[in-house]
Amino acid sequence: MNLALSEKVVLITGSNGGIGQDICLSFLEEKSHVVALYRGSPDKLKDLESEIDQAGLSREFYHPMSVDLSSGESINKCIEEIIQKFGRIDVLVNNAGTTMEKPFLSLKEDELELVYEANMLSLTKLTQRVLKEMLILKSGNIVNVSSVVSKRYGRGVSYYASMKAGVNRLTQVLATEMGKKNIRINAVCPGVIETKLSGALQGRHHKLLVSETPLKRFGKPTDVANAIKFLASDNVSSFITGVTLDVDGGIGL
């Protein structure tokens with residue numbers, strides 16, 4: 001299947017995370033220009049860069065860039081640098097986020113702000129800024145990484161689940177607004193994926209989660225990355241917008 005993603009400029013947040021690394025690798029395999037966003041020390045990307053080298057992928061298409069997604073000023077500077085270098089942004093993958101498993105009444109004010117900032121506000125700020133560039137060319141794709149908890153479950157993650165439900169709805173509404181401008185916006189909803197982030201959850205509820213998953217296993221980061229790559233390709237999914245694609249082994253049924 002020809003995804004026709006070669007030379008596309010793909011902006012990926014949370015590129016140093018378990019799923020983020022595989023998203024970057026997946027697009028690099030297609031020879032897309034991957035702008036891997038991270039916050040803080042470049043050392044966070046050591047694992048990703050090691051994976052790139054081990055896979056024999058060219059760093060010619062790999063462009064790491066530091067940005068503080070909580071800062072409008074930092075986002076503007078980042079986007080301006082990308083536009084100056086490439087002239088456009090073809091794909092935005094909003095992957096960055098954080099979860100917090102804690103009873104709702106036990107959440108402190110700073111924890112509420114952290115979950116909101118990481119999963120909703122930062123995504124909204126970056127999406128708004130990138131859309132302004134996509135509107136100029138009347139072309140582009142955005143894929144948001146949501147979660148299966150936005151649709152079911154939620155015990156201990158009520159606030160996180162609410163943020164992801166908000167991402168789903170934002171995806172749908174923006175798809176209706178941007179469709180006439182030839183910009184597609186979709187989301188993926190991963191189930192339990194084998195990453196460090198979900199390690200504790202898997203450890204505590206392994207048997208229960210596997211028993212409720214029709215495919216009887218947890219997902220891998222590549223499962224999510226491949227779904228994102230599919231949605232980002234105008235060559236194979238040009239008539240798909242506003243969907244929240246479950247990548248969950250059927251646990252959401």
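The pair D223-R217 meets the salt-bridge criterion, since a charged nitrogen lies less than 4.0 angstrom from a carboxylate oxygen. Salt bridge status for D234 with R184: present, with a side-chain N to carboxylate O gap under 4.0 Å.
When all heavy atoms of V149 and A161 are compared, the pair lying nearest together is O-CB, 3.4 Å. The two residues L126 and I75 make their nearest non-hydrogen contact at CD1-CG2, 3.8 Å. Residues L137 and G87 come closest through the heavy atom pair CD1-O, 4.3 Å. The two atoms that bring K151 and C189 nearest to each other are CE-SG, 3.9 Å, heavy atoms only. Smallest separation of non-hydrogen atoms from V9 and R88: CG1-O, 3.6 Å.
M1 and L231 fall within the same hydrophobic cluster, where Ile, Leu, Val, Met, Phe, Trp and Tyr residues are linked whenever their side-chain heavy atoms come under 4.5 Å apart, directly or through other members. L123 is connected to L121 through a chain of hydrophobic side-chain contacts under 4.5 Å among Ile, Leu, Val, Met, Phe, Trp and Tyr, so both are in one cluster. Under a hydrophobic clustering in which Ile, Leu, Val, Met, Phe, Trp and Tyr are joined whenever their side-chain heavy atoms come within less than 4.5 Å, directly or via other members, V173 and L92 fall into different clusters. By the criterion of side-chain heavy atoms lying less than 4.5 angstrom apart, applied directly or through intervening Ile, Leu, Val, Met, Phe, Trp or Tyr residues, M120 is grouped together with F104 in one hydrophobic cluster. Hydrophobic clustering (side-chain heavy atoms under 4.5 Å, transitive across Ile, Leu, Val, Met, Phe, Trp, Tyr) groups I83 together with L11.
With hydrogens and angles left out, the side-chain atoms of N144 and T171 include a donor and acceptor closer than 3.5 Å. A donor-acceptor contact closer than 3.5 angstrom links the side chains of H63 and K85.
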Apply the test side chain to side chain contact (heavy atoms under 4.5 Å, CB included) to residues V192 and T213: give CA-CA distance (whole Å), side-chain angles for both, the deciding distance (0.1 Å), then the verdict.
-> CA-CA 9 Å; V192 184; T213 303; 5.9 Å; no

What's the verdict on side chain to side chain contact (heavy atoms under 4.5 Å, CB included) for D90 and N141, showing C-alpha distance, side-chain angles and the deciding distance?
-> CA-CA 6 Å; D90 298 303; N141 282 289; over 6 Å; no

Intermediate values then yes/no, side-chain hydrogen bond (donor to acceptor under 3.5 Å, both in side chains), N168 and S150 | CA-CA 8 Å; N168 292 354; S150 66; 2.8 Å; yes

Using the side chain to side chain contact (heavy atoms under 4.5 Å, CB included) rule, take Y38 and L48 through it: C-alpha gap first, then chi angles, then the decisive distance, then the call.
-> CA-CA 11 Å; Y38 68 96; L48 170 58; over 6 Å; no

Step-by-step side chain to side chain contact (heavy atoms under 4.5 Å, CB included) determination, E101 to T99 = CA-CA 7 Å; E101 189 176 359; T99 185; 5.6 Å; no

Just distance, no hydrogens or angles: give the donor-acceptor pairs under 3.5 Å from side chains in residues 23-32, sequence neighbours left out.
| unit_1 | atom_1 | unit_2 | atom_2 | d |
| --- | --- | --- | --- | --- |
| S26 | OG | K229 | NZ | 3.0 |
| E30 | OE2 | K229 | NZ | 3.1 |
| S32 | OG | L5 | O | 2.8 |
| S32 | OG | F27 | O | 3.4 |

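Between M100 and T98, every side-chain heavy-atom pair lies at or beyond the 4.5 Å cut-off. Taking 4.5 Å as the limit, every side-chain heavy atom of M163 sits out of range of all side-chain heavy atoms of E117. Using a 4.5 Å cut-off on side-chain heavy atoms (C-beta onward), V224 and D22 make no contact. Between N16 and D47 the shortest side-chain heavy-atom distance does not fall below 4.5 Å. Between M178 and I142, the closest side-chain pair of non-hydrogen atoms is not below 4.5 Å. Side-chain contact between P221 and Q21 is absent, with no heavy-atom pair separated by less than 4.5 Å. Residues L253 and R152 form no side-chain contact, since every pair of their non-hydrogen atoms from C-beta on lies 4.5 Å or further apart. For the pair I79 and K132, the minimum side-chain heavy-atom distance is 4.5 Å or more.
Between the side chain of S162 and the backbone N or O of S158, at least one donor-acceptor pair lies under 3.5 Å. With T241 contributing its side chain and A175 its backbone, the two residues share no donor-acceptor pair below 3.5 Å. N95 places a side-chain N or O within donor-acceptor distance of the main-chain N or O of T13, the cut-off being under 3.5 Å. Counting only distance, with no hydrogens or angles, the side chain of N186 and the backbone of V243 share a donor-acceptor pair below 3.5 Å. Not one N or O on the side chain of S15 forms a donor-acceptor pair closer than 3.5 Å with the backbone of G20. Of the possible polar contacts, one joining the S71 side chain to the S74 backbone as a donor-acceptor pair under 3.5 Å is found. Between the side chain of K164 and the main chain of V145, a donor-acceptor pair closer than 3.5 Å is present.
Note: N76 CG to R129 CZ = 5.0 Å, rounded to the nearest 0.5 Å. Here the CD1 atom belonging to I240 is positioned 8.0 Å from the CG atom belonging to L245, to the nearest 0.5 angstrom. The CG atom of N226 sits 13.0 Å away from atom NZ of K220, with the distance rounded to the nearest 0.5 Å. Atom CG of residue N2 and atom OG of residue S233 lie 7.5 Å apart, to the nearest 0.5 angstrom. Expressed to the nearest 0.5 Å, how far CZ of R59 lies from CD of E49 amounts to 4.5 Å. Atom CG of residue L170 and atom CG of residue N94 lie 9.0 Å apart, to the nearest 0.5 angstrom.
Each salt bridge (charged side-chain N to carboxylate O under 4.0 Å, His left out) pair with one or both residues in residues 36-45, not counting sequence neighbours, appears once here: R39-D68, D43-K46.
Partner of L45 under the side-chain contact (heavy atoms from CB on, under 4.5 Å) criterion, out of S50, P64, S66: P64 alone.
Other residues, nucleotides and ligands place no more than 12 heavy atoms under 6.0 Å from the NZ atom of K180. Within 6.0 Å of CD on E81 lie more than 12 heavy atoms contributed by other residues, nucleotides or ligands. Other residues, nucleotides and ligands contribute only 12 or fewer heavy atoms inside 6.0 Å of the CD atom of E73.
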